[in-house]
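Predicted, not measured: the structure shown is a model, and the values here were computed from it. Basis for what follows: all heavy atoms, side chains included, without hydrogens, waters or symmetry-related copies.
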Amino acid sequence: MARFNKVLIANRGEIALRVLRALEKLEIPSAIVYHESDRASPAVRQADEAVEITGDSPSGAYLDIAQIVSVCKQLGAGAVHPGYGFLSENAAFSRSLADAGIAFIGPGVDAIELMGDKIRSREFVQQHGFPVPASIILDASVFADGDIARAVESVPGLAFPLVVKASAGGGGKGMHIVNSPDELESAARIAASEAEKYFGDARVYLERFFPSARHIEVQVLGDGKNVIHLGERECSIQRRFQKLIEEAPSPALDADKRREICEVATGIARAANYSSAGTVEFLYTPEGEFFFLEMNTRIQVEHPVTEMVYGVDLVAEQIRVAAGESLSLEQDAMVINGHAIECRICAEDAFNGFTPETGRVLFLKEPAGEGLRFDSGLHIDQQVTASFDPMLAKLVVHAPTREQAIQRSIAALGELVVLGVRLNTEYLARVLQHPAFASGDTDTAFVGVHGEALAAAAVDKEQLQVALAAAYLSDRGTRLLHAATPEPYGAIGHWRN
C-alpha cells in the first residue's frame, strides 16, 4: 500500500489515542503535538514522538496553524490527522499544509469550504435535487428592512416554530428556537452577534423547526472517484443541540427508508466529489420525511458505533485514502451486524442543567467485557479543567440485538468508576432505562419531554457509603496493598503485652 513516512496527530484526548491505534495497525510512525496540560496523557506517552506547543490558552495552542505546520516540518511528518474539533474542518489549515507539501488526512479544501458554509451547502444540496427544509437567509437587507416576520411570511412552507442558525456555526452556538413573531427580531440579532463572536462570520438563516423530529446521520466514505455509505446512526438524544447517546442502526428506519436516506447521502457526497470519511446529517420527521441539515467533513465523535456494526476501521480507511489509495471497501459487502450504542461520558452535573464539572482524577476503573469498547484519554492525576470540551470518554457497546445492547450499556456504566470529578454516567443510565428509549420512541426533544422522569433520585447515604466501600475493596490495588501490609503480632509468637 501507499503509505506516509510519518503522521502527526493534531489533537488530544481519546481521539488522539484512536488515531494512534490506526497508525500502529498500519505500521506508520506517529508524532503528536501537546499543550503542557496534556504532558502526562496516554497519547503523548504512547506516540513515537511528541512536541510541546504553546498558546494564550490550552485550546489556543491546538488552534495555532503556523506552530503546528512548523512542528510538521521540524519532524519531517508527511501528513496530519486532525481528529475532530479544533482544526479538523478548517480550510485555512488544510491549505497551509498543502503549501508546505504536507497531506491533510481529510477531504479537499473545496469540500471543506463548501460544506463548512451552511448557507452555501444548503443551496448546493437543493440545486442537486435533494430535500432541504424551508428557509430564508437573513442577510443585511433583511435586517435593514426591519420586518423579518414579513420576510418569513413570503417563504412557502416556512412557519413557526423556527430555528435561527449561524452559517459557519457548530456545537449549538449561534442557534436559537423562535416560537412566535414577537421573538424573531431579538433572536435573529442575538444569533448574528454570537456568530460573529464565535466564528467571525455574522451570517445567519432561519429554517423550519421540527419539535419532534429525529436526528439521523449517514456515514459516507469517498476516494474522489467512488463513494459508499456505511448506514445510518441515530443521534436524537441531545442536550443543548449536542449529542449524548448515539446508536446504529436507527430503530426508526425500515429497509426501504434506510436505502432511501443512504442513497441521498451518497448522492450529496458524489455531487461534492467527496474524498475521505464524512457524515451527512438529516432531520427525520414522524411522517417519514427527511431533510438535509449539514455535512461534517471529518471523522465524527460517534464513528465507533458504525465501526462496531460493520466491522470496519474508518480511521485507517481515512489514512489510506489520504495516501492516494482507492477505497478498500465495497458497498455490497457493507452488511449490518447487530446493534451498537455509544454513551458520551462527560464531566458535567447532568442533574443541574448539565453544568461543566472540574476536578482531578483520583481513581479510575474502566469497564470491560464482551462487545465493549471504552475510548478514553483518562489517566490517574489528570486535571479536568474548563479549558476543553467536557467529554472525557466514550462507552461503546455492541450486541446481537438493540435490547441486549441497552442492557450491556447500563451494566457497563455501572462498572465505570471515576473518583475526583463528577460525571454524567447516572443520567445516561436513566435515559437508557426509560421505557420510551427502550421502545425506540426517541426524538431531539427527548431530554426536555422526559426531564422529570430523568431527574436524580434522592441519595441514600448509607447505600452510597456501602457502594464506595465495595468499589474500594474490589480494586486489585487495594487487595495487593492489604496483602503486603505486615500483621503486627505475626513475628512474636504467643507473647502479648
Test: R402 cationic atom under 6.0 Å from F437 six-membered ring centre, within 45° of axis: yes

When rounded to the nearest 0.5 Å, the distance separating CG of D64 from OG1 of T54 is 7.5 Å

If only side-chain N and O atoms count, and only distance matters, is there a donor-acceptor pair under 3.5 Å linking H303 with Q219? no

Check: F210 ring centroid to F291 ring centroid under 6.0 Å: yes

Going by the salt bridge (charged side-chain N to carboxylate O under 4.0 Å, His left out) test, name the single residue among R259, R258, R214 that passes it with E232. R258

Hey, does the side chain of T444 reach the backbone of A213 with a donor-acceptor pair shorter than 3.5 angstrom? yes

Distance only, no hydrogens: is a donor on one side chain within 3.5 Å (strictly under) of an acceptor on the other, for E234 and S236? yes

Applying the side-chain contact (heavy atoms from CB on, under 4.5 Å) test to E342, which of V301, V397, L395 qualifies? V301

Ion pair check, E246 and R344, cut-off under 4.0 Å: yes

If I take atom CD1 from residue I65 and atom CZ from residue R95, how far apart are they, to the nearest 0.5 angstrom? 10.0 Å

Do any N or O atoms from the side chain of R208 and from the backbone of P161 form a donor-acceptor pair under 3.5 angstrom? no

What do you reckon, are the aromatic ring centroids of F282 and F290 less than 6.0 Å apart? yes

Evaluate the ring planes of H434 and H450, with Trp represented by its six-membered ring, and classify them as parallel (under 30°), tilted (30 to 60°) or perpendicular (over 60°). tilted

Dump the intermediate steps for ring-ring contact (aromatic ring centres under 6.0 Å, His included) on F130 and F292, then the final yes or no. CA-CA 8 Å; F130 300 114; F292 171 79; 8.9 Å; no

Taking the side chain from S96 and the backbone from A92, do they hold a donor-acceptor pair closer than 3.5 Å? yes

Between atom CG of L138 and atom CD1 of I119, what is the distance when rounded to the nearest 0.5 Å? 8.0 Å

Beyond-backbone contact of R239 with C346, side-chain heavy atoms, under 4.5 angstrom: yes

Flag the pair Y84 / Q300 as yes when at least one side-chain heavy-atom distance between them is below 4.5 Å, and no otherwise. no

Hey, is E14 close enough to K394 for a salt bridge, meaning N to O under 4.0 Å? yes

Honestly, is R12 close enough over F388, meaning NZ or CZ under 6.0 Å from the six-membered ring centre and within 45° of the axis? yes

Could you give the distance from CD (E366) to CD1 (I345), rounded to the nearest 0.5 Å? 11.0 Å

Any luck finding a side-chain donor-acceptor pair between Q383 and T385 under 3.5 Å? no

Got L244 and N424 here, is their nearest side-chain heavy-atom distance under 4.5 Å? yes

Please tell me whether F354 and Y427 form a close aromatic pair, meaning their ring centres lie under 6.0 Å apart. yes

Atom of P211, atom of A445 and distance for their closest heavy-atom approach: O-CB, 3.4 Å

So do the side chains of F93 and V80 get within less than 4.5 Å of each other, counting heavy atoms only? yes

Between V125 and R122, is there a side-chain heavy-atom distance shorter than 4.5 Å? no

Between OG on residue S41 and OH on residue Y34, distance to nearest 0.5 Å: 9.0 Å

Could you tell me which residues satisfy salt bridge (charged side-chain N to carboxylate O under 4.0 Å, His left out) with E307, sequence neighbours excluded, listed by chain and number? R18, R373

What is the minimum heavy-atom distance between Q238 and C235, and which atoms define it? NE2-O, 2.8 Å

I'd like to know if the side chain of H81 pairs up with that of Q318 as donor and acceptor (distance under 3.5 Å, no hydrogens or angles considered). yes

Roughly how far, to the nearest 0.5 Å, is CD1 of I341 from CE of M308? 11.0 Å

